[in-house]
Amino acid sequence: MTEPGDTRAALLAALRLQLDWGADEALAEATLDRTRPAAAAPPPPALLSAPPGAPLPRPSLVRGTQGSPVLPPAASRAAELAAAASTLEELREAMAGFEASPLRETATNLVFADGTPEAGLMLIGEAPGADEDRLGKPFVGASGQLLDRMFASIGLARETGFYITNILPFRPPGNRTPTDGEIALFLPFVLRHIALVKPRRLVLLGGVSAKALLRAKDGITRLRGRWLEVMIEAESTLPALATLHPAYLLRNPIAKRDAWADLLLLRRTLDGE
Ligand code: URA
């Protein structure tokens, strides 16, 4: 016969297992995407049985009467708010007041930026993790500590040498990879952030940041290690160096060799200016 104590022990063991697997929050991985226009909401059941190879619906852009793309309301609101910000503080306030992303509801804090806007060098990561969400600052957890050591090794510290932010200002639940929709929604804020900081150069940390800003399909291993151009506003571009994300380096220490080569390229470039 099962004793109440046995049930409790089994439940605790199951919970402990979940924690070991990284499930530290009672949240679903997928969030409701309220940025989609109602008409383009989830596909009807018939679509689920579409033949293999049939084109997927593209709900994020709808066509205007003249056939031109029209941004869905949340995306055009983001673009409007971002464009109206004329200082970093105004941009932070605009982002804090932007309610269209469900990530805002599961995050504890808006993570805006850290470091020195006047440094001329701006680093852009992916999205806050648990430590960043708790403290409201980017790159303060384990990968942030590695990042600080990496940049210190070429003589750059946050306090004087660089400014840092992320593509997403809110933590995705369970640290999952940001969706394309989330990235597209926050991109106007990131581009405005860069335009207001006016750095001379960008460093893109990891594939999410590199692909979003370079509008590239290639993965980070193809994009890293050379200066490329990021289009910030019409006719305005900035040199950007994509490199491996410190969180990836923590999992793959062998890749530190490539990251070191990228840092040396950055150092040489800055020395030559
Ligand atoms: N990883 C990121 O990309 N950004 C952070 O702020 C922390 C971890």
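Start at 1 and go down the list; that is how both ligands and their atoms are numbered.
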**Prompt:** Leu196 and Leu110: same hydrophobic cluster, using ILVMFWY side-chain contacts below 4.5 Å?
**Reply:** yes
**Complete:** atom 4 (N) of ligand 1: closest protein heavy atom, distance to 0.1 Å, is Asn166 OD1, 2.8 Å
**Item:** Path from Leu263 to Trp227 over hydrophobic side-chain contacts below 4.5 Å
**Value:** yes
**Fill in**
Short version for Glu126: what comes under 4.0 Å of ligand 1, heavy atoms counted, is both
**Message:** If the cut-off is 4.0 Å to any non-hydrogen atom of His245, which atoms of ligand 1 fall inside it?
**Reply:** 1 (N), 2 (C), 3 (O)
**Salt-bridge present (Glu182, Arg176; N to O < 4.0 Å)** = yes
**Message:** For ligand 1, which is the ligand I care about here, please tell me if Pro138 has any N or O atom under 3.5 Å from one of the ligand's N or O atoms.
**Reply:** no
**Message:** What verdict does the side chain to side chain contact (heavy atoms under 4.5 Å, CB included) test give for Ile124 and Leu213, after you've listed the backbone C-alpha separation in whole Å, the side-chain angles of each residue and the deciding distance to 0.1 Å?
**Reply:** CA-CA 9 Å; Ile124 305 183; Leu213 286 166; 3.7 Å; yes
**Salt bridge flag under 4.0 Å for residues Lys137 and Glu132** = no
**Asked** Are any of the N or O atoms of Ala127 closer than 3.5 Å to those of ligand 1?
**Response** yes
**Complete:** Near Ser143 (heavy-atom distance under 4.0 Å), the atoms of ligand 1 are 8 (C)
